[in-house]
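These notes concern the structure reproduced below.
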Amino acid sequence: MNKDIPCYVISDLLPLYQDDLLSEQTKKEVDDHLNECLDCREEMDAVQMQIIAHTTNIEPKIDPLKKVRFYQKALTVLGAVITFILGACFPIAVLGFTVLERGEIASFQIQRIKGLWYVFALRCCIAGILVCAVYFLLILLIRKMISKHAA
C-alpha cells in the first residue's frame, strides 16, 4: 500500500478525482494509491455507484402541480355555481324592484307568478345559464391572456 497519502485524504479526494478536477500529479498519486489499496478502491466503486444513481433520469411518479390543478378546477366549478345562482336571482330581483317601487306587490303579479311559475323558473334558469356562460368566457379569456404573456 502507498504510505505517502493516508486513506482519509484519498477519501476526500475521490469526488474531485471522479470529476477529473485534480492536477496530473495528484491524479497519478491517487491512481497509485487506488491500485494498491483495496479499501479505497471499494470506496471509489461506492462513489461511482452514487454518481450513477443520482444521474439516472427517474421520472417522478407524482405530478407536483396535481393539487394546484385540482383546486383550480374546484374553484372554477364553485364560481360557476355561484354565478348560476346569482344569475338565477336576476328575475327575482326584477320582481323585487317593482315591489320596492310600489311599496307592495300587485295582485295581478301574484296571480301571474302562481299561474306561470314554471315560466318564472325557466327565466331564472336561463338567466343563470347566461351569467354562467359569461363567467366561463371570462375565464377562458383570462387564461389565454396569461398563456400569451407567459410564452
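Linking ILVMFWY residues whenever their side-chain heavy atoms come closer than 4.5 Å, directly or via other members, leaves Ile82 and Val131 in distinct clusters. In the hydrophobic clustering of ILVMFWY residues, with side-chain heavy atoms under 4.5 Å counting as a link, Leu21 and Val9 come out together. Linking Ile, Leu, Val, Met, Phe, Trp and Tyr whenever their side-chain heavy atoms come within less than 4.5 Å puts Leu122 and Leu130 in one cluster. Residues Val81 and Tyr135 do not share a hydrophobic cluster, defined by chaining ILVMFWY side chains whose heavy atoms lie under 4.5 Å apart. In the hydrophobic clustering of this structure, Leu13 groups with Tyr8; members are Ile, Leu, Val, Met, Phe, Trp, Tyr whose side-chain heavy atoms approach within less than 4.5 Å, directly or through other members.
Applying the side chain to side chain contact (heavy atoms under 4.5 Å, CB included) test between Leu34 and each of Glu43, Met44, Glu29 identifies Met44 as the sole match.
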(request) Please assess Cys37 against Cys7 for the test side chain to side chain contact (heavy atoms under 4.5 Å, CB included), listing each intermediate value before the final yes or no. (result) CA-CA 8 Å; Cys37 180; Cys7 289; 3.7 Å; yes
(message) Apply side chain to side chain contact (heavy atoms under 4.5 Å, CB included) to residues Leu141 and Leu137 and explain how you reach the verdict.
(response) CA-CA 6 Å; Leu141 179 68; Leu137 288 174; over 6 Å; no
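Not counting sequence neighbours, the partners of Asp31 by the side chain to side chain donor-acceptor pair (under 3.5 Å) test are Tyr17.
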Taking distance alone, no hydrogens or angles, what donor-acceptor pairs closer than 3.5 Å link side-chain atoms of residues 83-91 to residues at least two apart or in another chain?
residue : atom : partner : partner atom : Å
Thr83   : OG1  : Gly79   : O            : 3.0
Thr83   : OG1  : Ala80   : O            : 2.9

Tell me which donor-acceptor pairs under 3.5 Å the side chains of residues 67-77 have, and how far apart each pair is, sequence neighbours excluded?
residue : atom : partner : partner atom : Å
Arg69   : NH1  : Asp63   : OD2          : 2.4
Thr76   : OG1  : Gln72   : O            : 2.7

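Taking CD of Gln18 as the start and CG of Leu16 as the end, the distance is 10.5 Å to the nearest 0.5 Å. For the atom pair CG of Asp12 and CD1 of Ile5, the computed distance is 11.5 Å after rounding to the nearest 0.5 Å.
Nearest heavy-atom pair, Arg41 versus Asn35, reported as atom, atom and distance to 0.1 Å: NH2-O, 3.0 Å.
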